[in-house]
> 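Below are the C-alpha coordinates for one structure; questions will follow.
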Amino acid sequence: MLPQAAAAAAGGRRRAASRAPGAHNVCRLLSRRAHGFYARDAGVAHRKNLGLLRKIICQESTKFKNVWTTHSASPIAYERGRIYLDNYQCCISRYLSWDTPQEVMVVKSAQNKLPAAARQAGIQQSVLFYLAVFQVLPLSFIGMLEISKKIFGNSVTDVAVCNGILIVMYSMGLVRLYNFQAICEQFMEQPFDLGHEFNWNGQVGVVGKYPFGLPCNIKITDTPPLLFEASSLENAFQIGGYPWHYIITPNKKKHKGVFHICSLKDNALAKNGIQDMQCCSLEPDWIYFHPDMSGRIIHVGPNLIKVLKLKEVKDHTDQMEIAEDFTIVANRENCVNNAVTVTASGRVVKKRFNLLDDDPEQETFKIVDYEDELDLLSTVAVTEIGADGRAHLDFHCNDHGILLKSIPLLESWDVTYSHEVYFDKDLVLHIEQKPNRRFSCYVYQMVCDTAKDDECSSHEKTERVFCKKGGRIFEYI
(Lines give C-alpha, C1' and ligand atoms only; values in the text may rest on other atoms or scores of the structure.)
Protein backbone atom coordinates (compact mmCIF):
# COMPACT_ATOMS: atom_id res chain seq x y z
CA MET A 1 0.00 0.00 0.00
CA LEU A 2 1.29 3.46 -0.88
CA PRO A 3 2.26 5.72 2.07
CA GLN A 4 -0.42 8.25 1.08
CA ALA A 5 -3.08 5.53 0.91
CA ALA A 6 -1.96 4.09 4.26
CA ALA A 7 -2.15 7.53 5.86
CA ALA A 8 -5.60 8.10 4.39
CA ALA A 9 -6.79 4.71 5.65
CA ALA A 10 -5.42 5.43 9.13
CA GLY A 11 -7.10 8.82 9.10
CA GLY A 12 -10.36 7.16 8.05
CA ARG A 13 -10.09 4.68 10.94
CA ARG A 14 -9.49 7.54 13.39
CA ARG A 15 -12.53 9.42 12.07
CA ALA A 16 -14.62 6.26 12.22
CA ALA A 17 -13.48 5.67 15.79
CA SER A 18 -14.43 9.23 16.72
CA ARG A 19 -17.91 8.53 15.35
CA ALA A 20 -18.27 5.29 17.29
CA PRO A 21 -21.67 5.04 19.05
CA GLY A 22 -20.07 4.71 22.49
CA ALA A 23 -18.22 8.01 22.08
CA HIS A 24 -21.51 9.92 22.17
CA ASN A 25 -22.34 8.68 25.68
CA VAL A 26 -21.57 11.31 28.32
CA CYS A 27 -20.26 8.77 30.85
CA ARG A 28 -18.01 7.23 28.20
CA LEU A 29 -16.66 10.66 27.23
CA LEU A 30 -15.95 11.53 30.87
CA SER A 31 -14.13 8.24 31.34
CA ARG A 32 -12.03 8.77 28.20
CA ARG A 33 -11.20 12.32 29.31
CA ALA A 34 -10.01 11.02 32.71
CA HIS A 35 -7.61 8.67 30.91
CA GLY A 36 -6.13 11.55 28.91
CA PHE A 37 -7.68 10.86 25.51
CA TYR A 38 -8.33 14.59 24.93
CA ALA A 39 -5.27 16.07 26.60
CA ARG A 40 -3.15 16.84 23.54
CA ASP A 41 -3.64 20.55 24.21
CA ALA A 42 -5.87 22.80 26.29
CA GLY A 43 -8.04 23.72 23.29
CA VAL A 44 -8.99 20.10 22.59
CA ALA A 45 -9.96 19.47 26.22
CA HIS A 46 -11.92 22.73 26.35
CA ARG A 47 -13.90 21.89 23.21
CA LYS A 48 -14.62 18.41 24.52
CA ASN A 49 -15.83 19.86 27.84
CA LEU A 50 -18.16 22.24 26.01
CA GLY A 51 -19.49 19.31 24.01
CA LEU A 52 -20.24 17.49 27.26
CA LEU A 53 -21.94 20.57 28.67
CA ARG A 54 -24.12 20.89 25.59
CA LYS A 55 -25.24 17.27 25.89
CA ILE A 56 -26.05 17.71 29.60
CA ILE A 57 -27.98 20.95 29.01
CA CYS A 58 -30.08 19.49 26.20
CA GLN A 59 -30.97 16.19 27.86
CA GLU A 60 -34.55 15.87 29.05
CA SER A 61 -33.77 15.39 32.74
CA THR A 62 -31.94 18.73 32.98
CA LYS A 63 -34.02 21.64 34.29
CA PHE A 64 -33.30 25.27 35.15
CA LYS A 65 -34.53 26.37 38.56
CA ASN A 66 -35.09 29.95 39.71
CA VAL A 67 -32.59 30.21 42.59
CA TRP A 68 -32.19 33.94 43.20
CA THR A 69 -33.99 37.20 42.50
CA THR A 70 -33.05 40.78 43.30
CA HIS A 71 -34.73 44.14 42.78
CA SER A 72 -32.95 47.49 42.65
CA ALA A 73 -33.48 51.17 41.96
CA SER A 74 -30.14 51.23 40.12
CA PRO A 75 -29.29 49.61 36.76
CA ILE A 76 -28.27 45.94 36.89
CA ALA A 77 -25.63 44.61 34.47
CA TYR A 78 -24.13 41.20 33.76
CA GLU A 79 -20.55 40.79 32.52
CA ARG A 80 -18.37 37.65 32.35
CA GLY A 81 -20.06 35.68 35.11
CA ARG A 82 -20.69 38.59 37.48
CA ILE A 83 -23.80 40.62 38.29
CA TYR A 84 -23.05 44.31 38.79
CA LEU A 85 -25.30 46.76 40.63
CA ASP A 86 -25.12 50.48 41.49
CA ASN A 87 -24.74 52.04 38.04
CA TYR A 88 -21.91 49.76 36.91
CA GLN A 89 -22.36 50.80 33.27
CA CYS A 90 -21.92 54.46 34.19
CA CYS A 91 -18.36 53.74 35.34
CA ILE A 92 -17.02 52.65 31.94
CA SER A 93 -16.44 54.48 28.67
CA ARG A 94 -19.42 55.68 26.68
CA TYR A 95 -18.96 53.33 23.71
CA LEU A 96 -16.70 50.27 23.59
CA SER A 97 -16.52 47.84 20.66
CA TRP A 98 -14.24 45.36 18.94
CA ASP A 99 -12.43 46.20 15.72
CA THR A 100 -10.99 42.69 15.49
CA PRO A 101 -12.75 40.40 18.03
CA GLN A 102 -10.56 39.61 21.05
CA GLU A 103 -7.60 41.43 19.47
CA VAL A 104 -8.24 45.15 18.85
CA MET A 105 -10.81 47.27 20.70
CA VAL A 106 -12.06 50.79 20.03
CA VAL A 107 -13.28 53.31 22.61
CA LYS A 108 -15.53 56.01 21.15
CA SER A 109 -16.46 59.27 22.85
CA ALA A 110 -19.94 60.70 22.90
CA GLN A 111 -20.60 63.17 20.11
CA ASN A 112 -19.16 66.61 20.87
CA LYS A 113 -21.89 69.23 20.95
CA LEU A 114 -21.44 72.88 21.80
CA PRO A 115 -23.70 74.48 24.43
CA ALA A 116 -26.56 76.57 23.04
CA ALA A 117 -24.92 79.78 24.21
CA ALA A 118 -21.72 78.94 22.34
CA ARG A 119 -23.63 78.17 19.15
CA GLN A 120 -25.52 81.46 19.42
CA ALA A 121 -22.19 83.25 19.80
CA GLY A 122 -21.08 81.78 16.47
CA ILE A 123 -18.42 79.46 17.87
CA GLN A 124 -17.70 76.55 15.51
CA GLN A 125 -17.11 72.99 16.71
CA SER A 126 -15.08 70.94 14.25
CA VAL A 127 -14.33 67.73 16.17
CA LEU A 128 -17.33 65.41 16.37
CA PHE A 129 -15.90 62.19 17.87
CA TYR A 130 -12.69 60.81 19.34
CA LEU A 131 -11.64 57.20 18.72
CA ALA A 132 -9.02 55.50 20.91
CA VAL A 133 -7.66 52.18 19.66
CA PHE A 134 -6.03 49.50 21.83
CA GLN A 135 -4.36 46.15 21.25
CA VAL A 136 -5.36 43.59 23.88
CA LEU A 137 -3.43 40.69 25.44
CA PRO A 138 -1.24 42.44 26.42
CA LEU A 139 -3.02 45.78 26.58
CA SER A 140 -1.23 48.41 24.49
CA PHE A 141 -2.17 51.80 23.06
CA ILE A 142 -2.24 52.03 19.26
CA GLY A 143 -3.45 55.61 18.91
CA MET A 144 -6.25 58.15 19.15
CA LEU A 145 -7.77 60.18 16.31
CA GLU A 146 -10.38 62.85 15.70
CA ILE A 147 -13.40 62.60 13.42
CA SER A 148 -13.90 66.20 12.30
CA LYS A 149 -16.27 68.11 10.06
CA LYS A 150 -13.31 69.56 8.19
CA ILE A 151 -12.27 66.13 6.88
CA PHE A 152 -15.49 64.12 6.72
CA GLY A 153 -18.16 66.81 6.26
CA ASN A 154 -20.80 68.63 8.30
CA SER A 155 -23.57 66.00 8.17
CA VAL A 156 -21.71 63.18 10.02
CA THR A 157 -24.02 61.57 12.62
CA ASP A 158 -22.02 58.56 13.82
CA VAL A 159 -18.86 56.52 13.28
CA ALA A 160 -17.79 52.94 13.98
CA VAL A 161 -14.76 50.71 13.42
CA CYS A 162 -15.17 47.05 12.51
CA ASN A 163 -12.76 44.52 10.97
CA GLY A 164 -10.27 47.19 9.98
CA ILE A 165 -12.90 49.41 8.33
CA LEU A 166 -13.82 52.94 9.45
CA ILE A 167 -17.57 53.38 8.90
CA VAL A 168 -18.86 56.96 8.71
CA MET A 169 -22.63 57.61 8.71
CA TYR A 170 -24.38 60.74 7.49
CA SER A 171 -27.76 62.34 8.18
CA MET A 172 -29.12 61.73 4.66
CA GLY A 173 -28.66 57.95 5.00
CA LEU A 174 -25.26 57.82 3.30
CA VAL A 175 -22.67 55.33 4.61
CA ARG A 176 -18.99 55.59 3.66
CA LEU A 177 -16.20 53.08 4.29
CA TYR A 178 -12.48 53.80 4.71
CA ASN A 179 -9.41 51.64 5.37
CA PHE A 180 -8.82 52.21 9.08
CA GLN A 181 -5.43 50.50 9.21
CA ALA A 182 -4.17 52.60 6.30
CA ILE A 183 -5.39 55.76 8.08
CA CYS A 184 -3.48 54.83 11.24
CA GLU A 185 -0.30 54.10 9.32
CA GLN A 186 -0.48 57.19 7.09
CA PHE A 187 -1.41 59.79 9.69
CA MET A 188 0.37 58.45 12.81
CA GLU A 189 2.58 61.28 14.14
CA GLN A 190 4.29 59.39 16.96
CA PRO A 191 3.69 56.02 18.70
CA PHE A 192 3.20 55.93 22.49
CA ASP A 193 3.33 53.16 25.10
CA LEU A 194 0.90 52.95 28.02
CA GLY A 195 2.51 53.82 31.36
CA HIS A 196 5.57 55.46 29.79
CA GLU A 197 6.54 59.11 30.15
CA PHE A 198 6.08 61.30 27.12
CA ASN A 199 6.68 64.83 25.95
CA TRP A 200 3.89 65.96 23.70
CA ASN A 201 3.42 69.55 22.50
CA GLY A 202 5.42 70.84 25.45
CA GLN A 203 3.57 68.71 28.02
CA VAL A 204 5.30 65.99 30.03
CA GLY A 205 3.27 63.17 31.51
CA VAL A 206 2.54 59.44 31.62
CA VAL A 207 0.51 57.85 28.80
CA GLY A 208 -2.91 56.83 30.09
CA LYS A 209 -2.48 58.46 33.49
CA TYR A 210 -4.49 61.40 34.82
CA PRO A 211 -4.35 64.31 34.04
CA PHE A 212 -2.55 63.80 30.72
CA GLY A 213 -4.58 60.81 29.54
CA LEU A 214 -4.09 59.65 25.96
CA PRO A 215 -2.48 61.83 23.29
CA CYS A 216 -4.27 62.38 19.99
CA ASN A 217 -1.37 61.09 17.93
CA ILE A 218 -3.22 60.27 14.69
CA LYS A 219 -3.93 63.56 12.87
CA ILE A 220 -5.97 63.16 9.69
CA THR A 221 -4.95 66.10 7.50
CA ASP A 222 -6.65 65.06 4.26
CA THR A 223 -9.69 63.02 3.25
CA PRO A 224 -8.65 59.33 3.09
CA PRO A 225 -9.32 57.27 -0.06
CA LEU A 226 -12.93 56.09 -0.19
CA LEU A 227 -13.38 52.31 -0.31
CA PHE A 228 -17.15 52.11 -0.71
CA GLU A 229 -20.35 54.07 -0.18
CA ALA A 230 -24.05 53.22 -0.14
CA SER A 231 -27.31 54.94 0.70
CA SER A 232 -29.64 53.19 3.16
CA LEU A 233 -32.67 54.07 5.25
CA GLU A 234 -31.64 55.07 8.78
CA ASN A 235 -27.99 54.22 7.92
CA ALA A 236 -28.80 50.51 8.22
CA PHE A 237 -25.78 48.84 6.62
CA GLN A 238 -24.10 45.47 7.24
CA ILE A 239 -21.29 43.53 5.57
CA GLY A 240 -20.74 39.78 5.73
CA GLY A 241 -21.08 36.50 3.90
CA TYR A 242 -18.74 34.77 1.48
CA PRO A 243 -18.09 36.15 -1.04
CA TRP A 244 -18.61 39.56 0.59
CA HIS A 245 -22.14 40.94 0.47
CA TYR A 246 -23.92 43.82 2.17
CA ILE A 247 -27.47 44.40 3.40
CA ILE A 248 -29.29 47.71 3.06
CA THR A 249 -32.82 49.09 3.08
CA PRO A 250 -33.59 51.42 0.13
CA ASN A 251 -33.48 55.00 1.37
CA LYS A 252 -37.22 55.70 1.26
CA LYS A 253 -39.71 55.35 4.11
CA LYS A 254 -42.05 53.23 1.99
CA HIS A 255 -39.31 50.57 1.84
CA LYS A 256 -39.03 50.20 5.63
CA GLY A 257 -38.89 46.47 6.40
CA VAL A 258 -37.53 45.60 2.93
CA PHE A 259 -33.93 44.40 2.79
CA HIS A 260 -31.65 44.19 -0.26
CA ILE A 261 -28.70 41.79 -0.25
CA CYS A 262 -26.05 42.87 -2.77
CA SER A 263 -22.53 41.90 -3.80
CA LEU A 264 -19.84 44.15 -2.37
CA LYS A 265 -17.74 43.52 -5.49
CA ASP A 266 -20.08 45.03 -8.09
CA ASN A 267 -23.23 46.11 -6.15
CA ALA A 268 -25.24 43.45 -8.01
CA LEU A 269 -28.45 42.36 -6.27
CA ALA A 270 -28.29 38.66 -5.42
CA LYS A 271 -30.93 36.38 -6.90
CA ASN A 272 -33.84 36.31 -4.41
CA GLY A 273 -31.90 39.11 -2.71
CA ILE A 274 -34.97 41.17 -1.78
CA GLN A 275 -36.20 39.94 1.61
CA ASP A 276 -39.60 41.19 2.76
CA MET A 277 -41.65 39.37 5.40
CA GLN A 278 -44.60 41.71 4.80
CA CYS A 279 -45.48 41.55 8.47
CA CYS A 280 -47.98 43.92 10.07
CA SER A 281 -46.58 44.60 13.52
CA LEU A 282 -45.74 47.37 15.97
CA GLU A 283 -42.09 46.29 16.13
CA PRO A 284 -40.24 45.85 12.81
CA ASP A 285 -38.51 42.67 11.73
CA TRP A 286 -34.72 42.69 11.72
CA ILE A 287 -31.94 41.05 9.74
CA TYR A 288 -28.21 40.48 10.26
CA PHE A 289 -25.32 38.24 9.25
CA HIS A 290 -25.02 35.17 11.44
CA PRO A 291 -22.32 35.72 14.11
CA ASP A 292 -21.04 32.15 13.72
CA MET A 293 -18.92 33.27 10.72
CA SER A 294 -20.73 30.81 8.45
CA GLY A 295 -21.73 33.62 6.08
CA ARG A 296 -25.41 32.89 6.65
CA ILE A 297 -28.09 35.51 7.33
CA ILE A 298 -30.71 35.56 10.11
CA HIS A 299 -34.02 37.30 9.38
CA VAL A 300 -36.34 37.61 12.39
CA GLY A 301 -40.04 38.43 12.26
CA PRO A 302 -42.78 38.29 14.91
CA ASN A 303 -43.58 34.62 14.33
CA LEU A 304 -40.86 33.42 11.96
CA ILE A 305 -37.06 33.12 12.00
CA LYS A 306 -35.46 32.46 8.63
CA VAL A 307 -31.83 31.37 8.38
CA LEU A 308 -30.64 32.10 4.86
CA LYS A 309 -27.48 31.14 3.00
CA LEU A 310 -25.56 32.36 -0.02
CA LYS A 311 -24.92 29.88 -2.80
CA GLU A 312 -23.84 29.97 -6.41
CA VAL A 313 -26.52 30.12 -9.08
CA LYS A 314 -26.55 26.92 -11.11
CA ASP A 315 -24.69 27.36 -14.40
CA HIS A 316 -23.74 30.94 -13.33
CA THR A 317 -20.83 30.63 -10.90
CA ASP A 318 -20.25 34.38 -10.90
CA GLN A 319 -23.75 35.08 -9.53
CA MET A 320 -25.00 34.31 -6.02
CA GLU A 321 -28.51 33.58 -4.81
CA ILE A 322 -30.20 33.64 -1.42
CA ALA A 323 -31.60 30.27 -0.39
CA GLU A 324 -33.41 29.17 2.75
CA ASP A 325 -31.31 27.03 5.08
CA PHE A 326 -34.03 26.43 7.69
CA THR A 327 -36.87 28.23 9.49
CA ILE A 328 -38.11 28.37 13.09
CA VAL A 329 -41.83 29.03 13.48
CA ALA A 330 -43.60 30.34 16.60
CA ASN A 331 -46.12 28.01 18.21
CA ARG A 332 -49.47 29.51 17.28
CA GLU A 333 -51.42 26.29 16.88
CA ASN A 334 -53.92 27.26 19.60
CA CYS A 335 -54.40 30.77 18.28
CA VAL A 336 -57.93 31.38 17.05
CA ASN A 337 -58.56 34.54 15.05
CA ASN A 338 -62.01 34.16 13.53
CA ALA A 339 -63.06 37.09 11.38
CA VAL A 340 -66.69 35.94 11.68
CA THR A 341 -68.45 34.84 14.88
CA VAL A 342 -72.01 33.72 15.58
CA THR A 343 -73.82 34.86 18.72
CA ALA A 344 -76.11 32.66 20.84
CA SER A 345 -79.13 34.10 19.03
CA GLY A 346 -77.68 33.14 15.67
CA ARG A 347 -76.65 36.64 14.61
CA VAL A 348 -73.50 36.78 12.49
CA VAL A 349 -70.92 39.33 13.67
CA LYS A 350 -67.93 40.32 11.52
CA LYS A 351 -64.76 41.73 13.02
CA ARG A 352 -63.59 45.03 11.56
CA PHE A 353 -59.95 44.53 12.48
CA ASN A 354 -57.27 41.87 12.32
CA LEU A 355 -54.73 41.03 14.98
CA LEU A 356 -51.23 42.36 14.47
CA ASP A 357 -48.52 39.80 13.73
CA ASP A 358 -46.92 40.66 17.09
CA ASP A 359 -50.15 40.84 19.08
CA PRO A 360 -49.36 39.94 22.73
CA GLU A 361 -51.94 37.15 22.72
CA GLN A 362 -49.91 35.29 20.08
CA GLU A 363 -46.50 33.75 20.67
CA THR A 364 -43.96 36.25 19.39
CA PHE A 365 -40.18 36.15 19.09
CA LYS A 366 -38.53 38.90 21.14
CA ILE A 367 -34.85 37.87 21.31
CA VAL A 368 -32.65 35.79 19.01
CA ASP A 369 -29.01 35.16 19.95
CA TYR A 370 -26.17 32.78 19.19
CA GLU A 371 -24.26 30.89 21.91
CA ASP A 372 -20.90 30.43 20.22
CA GLU A 373 -19.23 28.13 22.76
CA LEU A 374 -22.06 25.58 22.61
CA ASP A 375 -23.02 26.30 18.97
CA LEU A 376 -26.68 26.84 19.88
CA LEU A 377 -29.18 29.30 18.46
CA SER A 378 -31.26 30.70 21.33
CA THR A 379 -34.67 32.37 21.10
CA VAL A 380 -37.02 34.00 23.60
CA ALA A 381 -40.71 33.80 22.72
CA VAL A 382 -43.49 35.52 24.69
CA THR A 383 -47.23 34.95 24.94
CA GLU A 384 -49.70 37.01 26.96
CA ILE A 385 -51.98 34.77 29.01
CA GLY A 386 -54.65 36.85 30.70
CA ALA A 387 -52.96 39.74 32.52
CA ASP A 388 -49.54 38.05 32.55
CA GLY A 389 -47.00 37.48 29.83
CA ARG A 390 -45.20 34.12 29.81
CA ALA A 391 -41.83 33.63 28.16
CA HIS A 392 -39.59 30.66 27.42
CA LEU A 393 -35.96 30.42 26.34
CA ASP A 394 -35.40 27.82 23.61
CA PHE A 395 -32.17 26.30 22.30
CA HIS A 396 -32.07 25.19 18.67
CA CYS A 397 -29.49 23.26 16.68
CA ASN A 398 -27.45 25.88 14.85
CA ASP A 399 -27.06 23.66 11.79
CA HIS A 400 -30.65 22.54 11.25
CA GLY A 401 -32.87 24.61 13.57
CA ILE A 402 -34.16 21.58 15.50
CA LEU A 403 -35.53 22.44 18.97
CA LEU A 404 -33.24 20.85 21.57
CA LYS A 405 -34.33 22.46 24.85
CA SER A 406 -37.05 24.75 26.17
CA ILE A 407 -36.68 26.60 29.49
CA PRO A 408 -39.81 28.31 30.92
CA LEU A 409 -39.25 31.62 32.72
CA LEU A 410 -41.50 31.75 35.79
CA GLU A 411 -41.74 35.52 36.21
CA SER A 412 -44.30 37.56 34.29
CA TRP A 413 -42.97 39.18 31.11
CA ASP A 414 -44.43 42.57 30.22
CA VAL A 415 -43.71 43.30 26.54
CA THR A 416 -43.72 47.05 27.22
CA TYR A 417 -40.67 46.77 29.52
CA SER A 418 -37.02 46.47 28.51
CA HIS A 419 -35.60 42.94 28.84
CA GLU A 420 -32.20 41.25 28.55
CA VAL A 421 -31.62 37.50 28.74
CA TYR A 422 -28.17 35.93 29.21
CA PHE A 423 -27.15 32.28 29.03
CA ASP A 424 -23.77 31.42 30.54
CA LYS A 425 -22.82 27.75 30.91
CA ASP A 426 -25.15 26.53 33.71
CA LEU A 427 -26.91 29.85 34.37
CA VAL A 428 -29.76 31.80 32.78
CA LEU A 429 -30.26 35.44 33.79
CA HIS A 430 -33.22 37.65 33.01
CA ILE A 431 -32.73 41.39 33.65
CA GLU A 432 -35.84 43.55 33.46
CA GLN A 433 -36.24 47.33 33.53
CA LYS A 434 -39.62 48.59 34.67
CA PRO A 435 -40.93 52.18 34.67
CA ASN A 436 -39.60 54.67 37.23
CA ARG A 437 -36.11 53.10 37.23
CA ARG A 438 -37.07 49.81 38.81
CA PHE A 439 -34.78 46.93 37.88
CA SER A 440 -35.10 43.20 38.54
CA CYS A 441 -32.74 40.27 37.99
CA TYR A 442 -33.92 36.63 37.95
CA VAL A 443 -31.27 33.89 38.09
CA TYR A 444 -31.88 30.29 37.01
CA GLN A 445 -29.39 27.48 37.63
CA MET A 446 -29.10 24.13 35.90
CA VAL A 447 -30.23 21.19 38.08
CA CYS A 448 -30.94 17.51 37.57
CA ASP A 449 -34.66 16.88 37.63
CA THR A 450 -36.14 14.56 40.29
CA ALA A 451 -39.66 14.08 41.57
CA LYS A 452 -38.77 15.98 44.76
CA ASP A 453 -37.26 18.83 42.79
CA ASP A 454 -40.38 19.06 40.64
CA GLU A 455 -42.55 19.31 43.74
CA CYS A 456 -40.34 22.00 45.32
CA SER A 457 -40.09 24.02 42.13
CA SER A 458 -43.85 24.20 41.72
CA HIS A 459 -44.84 27.83 41.32
CA GLU A 460 -47.55 27.53 43.96
CA LYS A 461 -45.48 25.67 46.57
CA THR A 462 -42.23 27.64 46.30
CA GLU A 463 -41.29 29.29 49.58
CA ARG A 464 -39.66 32.68 49.09
CA VAL A 465 -37.73 34.74 51.63
CA PHE A 466 -37.30 38.49 51.11
CA CYS A 467 -34.48 40.61 52.46
CA LYS A 468 -33.98 44.36 52.05
CA LYS A 469 -30.42 45.67 52.02
CA GLY A 470 -28.93 48.94 50.85
CA GLY A 471 -32.14 50.10 49.21
CA ARG A 472 -32.53 46.84 47.25
CA ILE A 473 -34.82 43.89 47.84
CA PHE A 474 -33.26 40.43 47.59
CA GLU A 475 -35.36 37.35 47.13
CA TYR A 476 -34.11 33.86 48.03
CA ILE A 477 -35.65 30.48 47.33
Side-chain angles (χ1 to χ4, degrees), residues 158 160 162-179 226-281 283-330 357-358 364-365 367-370 377 379 396-401:
D158 202 1
C162 182
N163 292 319
I165 300 296
L166 174 64
I167 305 170
V168 183
M169 288 156 273
Y170 295 82
S171 57
M172 71 289 289
L174 187 66
V175 180
R176 287 177 173 165
L177 274 60
Y178 302 90
N179 187 326
L226 180 67
L227 294 180
F228 180 84
E229 72 175 9
S231 181
S232 180
L233 186 66
E234 299 175 351
N235 299 114
F237 178 82
Q238 301 177 64
I239 294 180
Y242 181 81
W244 291 105
H245 279 66
Y246 64 90
I247 303 174
I248 61 169
T249 295
N251 199 8
K252 293 183 179 179
K253 290 186 177 179
K254 68 178 182 179
H255 292 306
K256 189 176 180 66
V258 179
F259 304 99
H260 287 199
I261 305 171
C262 307
S263 170
L264 188 65
K265 179 181 178 181
D266 55 10
N267 296 323
L269 181 69
K271 184 179 179 181
N272 301 325
I274 299 178
Q275 295 295 312
D276 183 6
M277 282 196 175
Q278 298 182 343
C279 50
C280 180
S281 57
E283 297 183 8
D285 52 327
W286 70 95
I287 193 169
Y288 57 98
F289 285 99
H290 200 311
D292 70 351
M293 305 303 289
S294 65
R296 295 180 296 175
I297 297 168
I298 299 178
H299 190 184
V300 184
N303 65 325
L304 180 66
I305 300 172
K306 297 168 65 176
V307 177
L308 310 170
K309 61 183 178 181
L310 287 161
K311 70 174 188 178
E312 292 181 349
V313 176
K314 190 176 182 180
D315 300 328
H316 293 83
T317 56
D318 58 337
Q319 184 182 5
M320 304 299 291
E321 70 172 317
I322 306 300
E324 190 176 282
D325 197 12
F326 62 83
T327 61
I328 300 173
V329 183
D357 290 329
D358 60 350
T364 303
F365 292 117
I367 298 175
V368 178
D369 201 0
Y370 172 63
L377 196 63
T379 66
H396 296 262
C397 169
N398 186 47
D399 293 326
H400 308 291

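Along the sequence shown, the residues carry numbers beginning at 1.
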> Without swapping roles, check the side chain of Asn235 against the backbone of Tyr170 for a donor-acceptor pair under 3.5 Å.
yes
> Rounded to the nearest 0.5 Å, what's the gap from CG on Leu310 to CG on Asn272? Could you check?
11.0 Å
> If you measure from CD1 on Ile322 to CD1 on Ile247, what distance do you get to the nearest 0.5 Å?
8.0 Å
> Go through the structure and list residues passing side-chain contact (heavy atoms from CB on, under 4.5 Å) with Asn267, not counting sequence neighbours.
Phe228, Tyr246
> Show your reasoning for whether side-chain hydrogen bond (donor to acceptor under 3.5 Å, both in side chains) applies to Asp292 and Asn398.
CA-CA 9 Å; Asp292 70 351; Asn398 186 47; 3.0 Å; yes
> Is the backbone N or O of Ile165 less than 3.5 Å from a side-chain atom of Asn179, with the two atoms forming a donor-acceptor pair by type?
no
> Does Asn251 reach the side chain of Ser232, with side-chain heavy atoms less than 4.5 Å apart?
no
> Rounded to the nearest 0.5 Å, what's the gap from NE2 on His245 to CG on Leu264? Could you check?
9.0 Å
> Hey, mind stepping through Val329 and Leu304 against side chain to side chain contact (heavy atoms under 4.5 Å, CB included) and telling me if it holds?
CA-CA 5 Å; Val329 183; Leu304 180 66; 3.7 Å; yes
> Among residues at least two apart in sequence or on other chains, which ones pass side-chain hydrogen bond (donor to acceptor under 3.5 Å, both in side chains) with His260?
none
> Provide the closest heavy-atom pair for Leu233 versus Lys252 in the form atom of the first, atom of the second, distance.
CD2-O, 3.8 Å
> Can you see which heavy atom on Met320 is nearest to which on Pro243, and at what distance?
CE-CD, 3.8 Å
> If I compare all heavy atoms of Leu269 with all of Ile274, which pair ends up nearest, and what's the gap?
CD2-CG1, 3.8 Å
> Out of curiosity, Lys309 NZ to Glu324 CD, how far, rounded to the nearest 0.5 Å?
10.0 Å
> Does OH belonging to Tyr242 count more than 12 external heavy atoms closer than 6.0 Å?
no
> Out of curiosity, Ile248 CD1 to Ser231 OG, how far, rounded to the nearest 0.5 Å?
7.5 Å
> Over all heavy atoms of both residues, which pair between Phe326 and Arg296 is shortest? Give the atoms and the distance, please.
CE2-NH1, 3.7 Å
> Of Phe259, Phe365, Phe289, which is the lone residue that meets ring pair (Phe, Tyr, Trp, His ring centres under 6.0 Å) with His299?
Phe259
> For a side chain to side chain contact (heavy atoms under 4.5 Å, CB included) with Ile298, tell me which candidate from Leu377, Asp325, Ile287 qualifies.
Leu377
> Could you tell me whether the side chain of Ile167 reaches within less than 4.5 Å of the side chain of Ile239, counting heavy atoms only?
no
> How far apart are the closest heavy atoms of Gly401 and His396, and which atoms are they?
O-ND1, 3.1 Å
> What I'd like to find out is whether the side chain of Thr249 reaches to under 4.5 Å of the side chain of Glu234, using heavy atoms alone.
no
> Which pair of non-hydrogen atoms, one from His290 and one from Ser294, has the smallest distance, and what is that distance?
CB-OG, 4.1 Å
> How long is the straight-line distance from OG1 of Thr327 back to CG of Leu308, given to the nearest 0.5 Å?
10.0 Å
